Every structure is written in structure tokens, then in C-alpha cells.
Amino acid sequence: MTKQLITSALPYVNGLPHLGHLVGCLLPADVYARYQRVLGEEVLYVCGTDEHGTPSEVGAAKENMPVDEYCKKYHDLHVEMYRGFNLGFDYFGRTSSDQNKEITYRIFHALDKNGFIEEKTTKQVYSPDDGRYLPDSYVMGTCPHCGYEKAKGDQCENCTKILDPTDLINPKSVLSGSSNLEIRETRHLFLQLPKIEAELDQWIETKKGLWPDIAYSIAKKWLKEGLKERGITRDLKWGFSVPKEGFENKVFYVWFDAPIGYIGITKQWSDEKPTERNWEDWWLKPDEVRYTEFMGKDNIPYHTISFPATLKGTGENWKTVDFLKGMNYLNFAGGKFSKSAHRGIFLDDAIREFPADYWRYWLIANAPESDDTNFSFDQFAAVVNKDLNDVLGNFINRVLKMTEKNFGCQVPAIGAITENEKELYQTLDNLIADYKRYMDGLEFRKAMSTLREIWVSGNNYIAKTEPWKVVKTNLEYGATILGTALNMIRLFANLSAPVMPETAQKMLALVGAEKTPVWPTEKMETYLKELPAGKAFTPSDPLFQKILPERVEELKIKYKETEA
RNA sequence: CGCAGGGUAGAGCAGUCCGGUAGCUUGCCAGGCUCAUAACCUGGAGGUCGUGUGGUUCAAAUCCCACCCCUGCAACCA
């Protein structure tokens with residue numbers, strides 16, 4: 001059986017993640033991983049914090065901490081927040097681990113041996129007052145084209161022209177504000193992407209029509225424009241020192257070792273139980289693994305070009321991505337979420353406001369798959385109230401209450417069935433097949449709208465059969481209806497488990513079904529009779545609570561949705 | 001300027017590849033039901049499909065051309 005390897009783009013350790021990070025890569029990957037597990041597949045879902053690079057060094061300096069302590073602190077905060085949202089990683093590691101260093105070196109040496117690494121002298125801005133080289137975007141000055149005074153060294157935000165830091169008038173360090181800047185010559189190592197361009201192009205071409213448009217078209221765009229060699233080393237202290245003579249005091253560029261981190265993190269995982277786990281089974285046996293990557297659109301070039309080139313250039317048999325799920329952005333009040341401006345909704349706040357499953361359902365049902373999507377509390381409340389409370393929650397509640405009143409807290413025996421049940425079986429069999437097809441294709445919005453239809457079919461069945469009337473005249477058929485409905489709660493739980501794990505768990509417990517969600521493989525004719533008659537169930541309070549209009553208004557003010 | 005994605009009822013989306021009665025959810029209106037969380041079920045109104053008295057075609061949301069608007073990206077921001 002093919003194993004399922006799943007990764008989501010590694011969140012940068014600096015600062016705290018927001019809903020955009022969650023929906024862009026972490027949550028869809030988790031839903032997909034859970035779905036595969038429910039199907040009974042062997043799954044490995046790894047993720048972790050991306051820790052190297054200038055922002056970590058600068059952030060640590062600001063908090064007066066050593067960089068490694070700083071990264072550990074934020075790594076732990078990430079872990080805590082993701083736990084709150086029930087992200088079920090098999091392992092959540094770090095790109096700064098020893099294991100990642102080992103794999104990074106191994107890959108670098110192979111690339112070097114194969115002639116994919118070349119030395120080159122470049123000009124780089126050095127700031128004596130900051131005591132460091134500055135990345136282009138850390139230099140600010142006046143744009144020579146439009147006169148905009150806050151143009152950054154890589155691009156002017158105002159006129160969008162691409163710049164070189166040396167083009168800027170009155171350049172200053174973004175960090176210290178110092179205008180005492182030097183241009184220094186420095187030697188660096190470059191990955192020779194042009195050498196592998198043709199091979200990459202052929203490979204991407206095989207993904208046409210399979211990958212989401214955004215993933216294929218962004219990759220093709222880069223290839224069409226022609227690949228350029230790419231620097232993979234930096235003049236920083238924080239990072240893996242470069243194992244090559246003359247470069248020992250430099251480190252690898254964060255974008256070189258970050259995607260390799262998927263492999264390094266897998267090794268962290270397998271090193272914990274070396275007798276049972278082997279990272280090579282996942283990364284060096286490509287025919288036995290299906291690899292699915294999740295990421296926001298900004299990450300697509302790195303995962304379609306740089307990372308595959310890095311792996312292919314080694315000449316070794318590394319696993320490369322089979323399916324790449326690229327997501328657009330989630331916006332807030334018409335603008336981007338922003339870490340630096342703390343604009344939008346951050347995970348620690350989100351989880352204090354509502355249970356994880358409310359967010360998980362909304363985010364997946366409204367995932368920015370084909371276009372950027374806007375988050376608003378009005379919309380959030382509308383969806384939670386309608387889909388979760390009215391459609392699903394109310395179905396469960398009415399069925400449990402009616403059964404309790406007429407048959408006590410146990411599953412009534414299902415007797416002779418009628419056309420109503422046959423119709424229900426047929427409807428559900430079809431909808432479940434649709435739902436599975438969408439989940440297999442990672443079409444989350446369509447999957448969620450189908451899941452919702454499945455829930456609606458429960459209410460339809462109740463409305464049509466009118467058990468509250470039937471029990472007065474035909475107790476036996478009343479038992480059949482409510483018994484069937486209780487079995488539907490189990491069905492809904494198993495189907496909803498990937499997106500709402502906590503709620504699904506509660507639902508399964510309510511009707512005394514299996515503890516671990518399992519995909520329904522039988523036809524409904526069989527499946528909806530499987531809860532044994534007489535099995536006790538637990539009366540319960542409603543699973544969801546509505547978000548009232550006053551609350552929505554409070555939230556809008558609290559998170560500055562209206563003035564943002 | 002270039003490239004990519006998007007522009008379809010009040011709102012949020014599908015349909016566009018492969019042309020053939022414009023669909024779904026929500027909101028609104030009416031009816032049904034009264035087991036249930038003022039909920040559920042059914043029906044209805046609401047759209048010149050960004051613009052062009054553009055092109056192709058028997059037929060265009062869909063293909064072609066031009067233009068406008070929104071979002072994002074451009075390799076040292078992860």
C-alpha cells in the first residue's frame with residue numbers, strides 16, 4: 001500500500017501565527033492527514049518551525065536573548081497554539097535541529113560533487129552600526145524613479161519598480177536607521193538552477209491539470225522567464241555553517257535548509273524510536289510513497305523550483321512532491337493579515353473566543369482555493385450559526401431528545417424499512433461518494449458543501465417521516481426512524497472527523513459508537529443498522545452555541561474589523 | 001510596465017478546460033410542521049455572467065480580440 005507523506009510549509013518561528021497561516025497550509029494539511037487516517041492509510045504528517053535567517057537574529061536582539069533561546073521560546077509557543085487547534089502532526093520539529101544539519105550537509109556535498117554549486121563574488125550592503133550585512137529589504141531610502149521616501153532595497157512599494165539597494169537615494173538601515181552604510185564584496189555559493197531547468201520543466205509539465213492552477217502556473221511562469229543561479233549562503237552567524245573551505249564563517253541561506261527541514265524533521269521523528277521508524281522509508285523510496293505538500297501561494301516558487309532542484313541535483317533518489325496544494329490568501333477587512341503590524345486575528349486570541357472546531361469548519365468551508373478570501377465576523381457567525389447549530393447541532397439534538405422521550409436512553413430496534421429509508425440510503429450513498437471524491441482531490445470547499453448536504457439529508461429524513469407523529473400510532477416504525485437517525489449521528493461523526501475532530505469525538509461518544517473515527521465502507525443499507533439495539537446513549541446539551549449579533553459587534557470592535 | 005489569480009442575484013461561491021434552458025449557500029418573501037437550539041421542511045422573487053450596439057458561431061458566462069477594476073508576485077521578506 002502506498003504511504004501518505006504530508007507536509008505543510010514551515011511557519012517562520014519569529015512572532016505568532018494568525019488565521020492566515022492556519023488556513024494557508026497547516027489546517028488543510030491536517031484535515032487531509034486526518035482524512036487519510038480515517039480511511040486507514042499509513043500517514044506521516046510532519047511540520048515544524050523554520051528558524052534560521054536575519055529576522056530571528058534581529059528578533060532575538062530586540063528581546064535581548066541569545067538566538068537559540070529566542071527560537072526555542074517561540075517554537076514552544078507555536079507548539080502550544082497548534083495543539084489548541086488540534087493539529088495532529090506526527091512530529092513538529094525545528095529546522096535548527098542536528099538532524100536537519102546532517103541532511104543539509106549530505107545534500108550540499110552531493111550537489112557540490114555533481115557540479116551544481118559555484119562560487120561567486122557579490123556586492124552586499126554592510127552596516128557597521130548594526131554590525132551586520134543587510135538583506136536588500138532591510139535597506140530603506142528614496143526611490144530614484146518616483147521619489148517615494150520609504151522604498152525598500154528590493155522594490156519600491158509605491159511604483160513597484162524593482163530596485164537594487166545601491167539605487168536608493170539616502171539609503172538607511174531599517175534596523176538602526178543609520179545611513180552609515182558600506183558596499184562590501186563578499187564571496188558566496190550559488191545553486192546552478194539553469195543546469196537543471198530543462199529537467200524541471202519536463203517534470204512540471206506532467207503536473208498540468210493535476211495541480212491547482214495557481215501552483216502549476218506560478219511554476220511555469222518562473223520557468224518561462226528562465227531560472228537564474230541562486231545564492232544559498234549568507235553572512236550571518238545564526239544558521240548551519242557552510243562545510244566548505246573558505247566558507248566556514250558563513251551559513252546556509254534559510255531557504256536552502258528550510259525545505260530540507262521536512263526531511264530533517266522526519267529524521268527527528270524517527271530518531272525518537274529508531275527501532276520502529278526509519279526516515280529513509282519516507283524520503284528515499286519514492287515508489288512507495290505519495291507526497292502531498294500544502295502551502296500559501298508565496299511559497300510555491302520555492303517548492304516547485306528550488307527545493308525539487310536541490311533534491312534532483314543530488315542525483316540521488318529523493319522523493320519529490322506528487323501533489324502540491326497551493327492556497328491563496330485569507331484577508332481581513334479587505335487587507336492582508338500582518339504579523340508585524342499585528343493586524344488581523346491571531347491564533348491565541350482566536351482560541352480564546354471560540355472552540356477550535358468552529359474555526360476549523362469555517363476556514364475549510366471558506367478556504368481560499370481559487371482566489372483570496374475575506375474573513376469577516378458577520379460571515380463567520382452566519383456560517384457557524386446556520387451550518388453547525390441549525391443544520392448539524394439541531395439534528396443531533398432533536399433526534400436524541402425524541403428518542404429519549406419515547407424509548408429512553410437506548411438505541412431503538414430497527415425493524416421493517418420503507419421507501420423512505422431506501423431513498424435515504426440512496427441519497428447518502430451518492431453524497432458520500434461525492435464527498436470522498438472531493439476529499440481525494442483536495443477540493444475542500446466542495447467537500448464541505450457536500451458534507452453539509454449530508455447533514456441536511458438528516459433533517460430531510462426527519463421532516464419526511466415525522467417520527468413525532470409516527471410514535472403515537474406505530475411505535476415499531478417510530479423505532480426504525482429514530483434508530484436510523486441515531487446511526488446517522490455516527491455516520492456524520494465519522495465523515496466530519498477530519499475537519500472537526502473534537503466534535504466528531506463527542507458525537508461518537510453520544511451514541512456509544514467506536515472511539516476512533518473510521519470511514520464508512522459499507523453501503524448505507526447495512527451501515528445505518530450497525531449500532532446494536534438497546535445500546536445506551538448519553539443525553540447531552542447542544543454541541544454548538546450560536547454567536548449572537550451583540551457578540552459579533554463586540555468582536556468587530558475588539559479586532560478592529562470595521563476601521564481596519 | 002511584466003506575470004499570475006479573480007471580476008456571475010444584496011452577500012459568499014460553482015459553472016468556463018470540452019459553447020447548447022445560469023446553478024448552490026446565505027439573506028429576503030410566502031407556505032408547511034411543531035420533535036428540536038425562534039429551529040427544521042417546501043415553494044417564490046431576485047442576475048443584460050466587469051466593459052465593448054467587438055469578433056467567430058445556428059448558438060457565447062464559456063472560444064478570440066481590446067480595454068477597465070480588484071488581489072498577489074517579481075528570486076536577499078519564509
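In what follows, every chain begins at residue 1, and chains take the letters A, B, ... in the order their sequences are listed. Everything quoted here is computed from the prediction, not taken from an experiment.
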Identify, with sequence neighbours excluded, every residue that meets side chain to side chain donor-acceptor pair (under 3.5 Å) alongside [X].
{"X": "A:D387", "answer": "A:Y361, A:R452"}
{"X": "A:D235", "answer": "A:T186, A:H188, A:K250"}
{"X": "A:K207", "answer": "none"}
{"X": "A:T484", "answer": "none"}

Is atom CD of A:Q379 surrounded by more than 12 heavy atoms (other residues, nucleotides or ligands) closer than 6.0 Å?
yes
Look at atom CD of A:E476 and say whether more than 12 heavy atoms of other residues, nucleotides or ligands are closer to it than 6.0 Å.
no
Pairwise [atom1] distance for [N] and [M], with rounding to whole Å:
{"N": "B:C33", "M": "B:U42", "atom1": "C1'", "result": "10 Å"}
{"N": "B:C73", "M": "B:G54", "atom1": "P", "result": "38 Å"}
{"N": "B:U56", "M": "B:U71", "atom1": "C1'", "result": "32 Å"}
{"N": "B:C3", "M": "B:A75", "atom1": "C1'", "result": "14 Å"}
{"N": "B:G6", "M": "B:C13", "atom1": "C1'", "result": "12 Å"}
{"N": "B:G27", "M": "B:A45", "atom1": "C1'", "result": "13 Å"}
{"N": "B:U8", "M": "B:G47", "atom1": "C1'", "result": "8 Å"}
{"N": "B:U37", "M": "B:G12", "atom1": "C1'", "result": "24 Å"}

Going by atom types only, do A:Y82 and A:H78 share a side-chain donor-acceptor pair under 3.5 Å?
yes
Using a heavy-atom cut-off of under 4.0 Å over every strand shown, decide if [X] touches base, sugar-phosphate, or nothing.
{"X": "A:N394", "result": "base"}
{"X": "A:Q124", "result": "base"}
{"X": "A:R234", "result": "base"}
{"X": "A:Y329", "result": "sugar-phosphate"}
{"X": "A:F544", "result": "base"}
{"X": "A:K228", "result": "base"}
{"X": "A:V456", "result": "sugar-phosphate"}
{"X": "A:H21", "result": "base"}

Aromatic rings A:F377 and A:W359: how do their planes relate, parallel, tilted or perpendicular, breaks at 30° and 60°?
perpendicular
Do any N or O atoms of the protein come closer than 3.5 Å to N or O atoms of nucleotides 14-17 of chain B, and which pairs are they?
| unit_1 | atom_1 | unit_2 | atom_2 | d |
| --- | --- | --- | --- | --- |
| B:A14 | OP1 | A:S370 | OG | 2.8 |
| B:G15 | OP1 | A:K446 | NZ | 3.3 |

In this structure, how many angstroms lie between the [atom2] atom of [N] and the [atom1] atom of [X], rounded?
{"X": "A:W455", "N": "B:U25", "atom1": "CH2", "atom2": "P", "value": "15 Å"}
{"X": "A:F256", "N": "B:A75", "atom1": "CZ", "atom2": "P", "value": "20 Å"}
{"X": "A:N299", "N": "B:G72", "atom1": "CG", "atom2": "C1'", "value": "14 Å"}
{"X": "A:L392", "N": "B:C40", "atom1": "CG", "atom2": "P", "value": "12 Å"}

Whichever of A:N459 and A:N389 has its nearest RNA chain B nucleotide further upstream toward 5'
A:N389
5' precedence on RNA chain B between A:N366 and A:G393 (nearest-nucleotide basis):
A:N366
In dot-bracket form, 5' to 3', how is RNA chain B paired? Count Watson-Crick and G-U wobble pairs only if both distances fall under 3.5 Å, and write | where the partner sits on another strand.
.(((((((.[[[[.)....(..]]]].(((((.......))))).....[[[.[[..)....]]]]])))))).....
How would nucleotides 29-35 of chain B be written as a contact map, 5' to 3', with B for base contact, S for sugar-phosphate-only contact and - for no contact, using protein heavy atoms under 4.0 Å?
----SSB
Residues of residues 378-387 of chain A with a heavy atom under 4.0 Å from any atom of RNA chain B, listed by number, are A:Q379, A:K386
Any donor-acceptor pair under 3.5 Å linking the side chain of A:R94 with the backbone of A:D50?
no
Please check if the side chain of A:Y358 supplies one atom and the backbone of A:Q545 the other of a donor-acceptor pair under 3.5 Å.
yes
Salt bridge (charged side-chain N to carboxylate O under 4.0 Å, His left out) partners of [X], counting only residues at least two apart:
{"X": "A:K120", "answer": "A:E229"}
{"X": "A:E57", "answer": "A:R132"}
{"X": "A:K237", "answer": "none"}

Side chains of A:Y435 and A:E453 in contact at under 4.5 Å (non-hydrogen atoms):
no
Presence of A:R452 side-chain N/O under 4.0 Å of B:C24 phosphate oxygens OP1/OP2:
no
Applying side chain to side chain contact (heavy atoms under 4.5 Å, CB included), can you list everything that pairs with A:E419, at least two apart in sequence or on another chain?
A:K422
Could you tell me if the ring centre of A:H303 sits under 6.0 Å from that of A:Y262?
yes
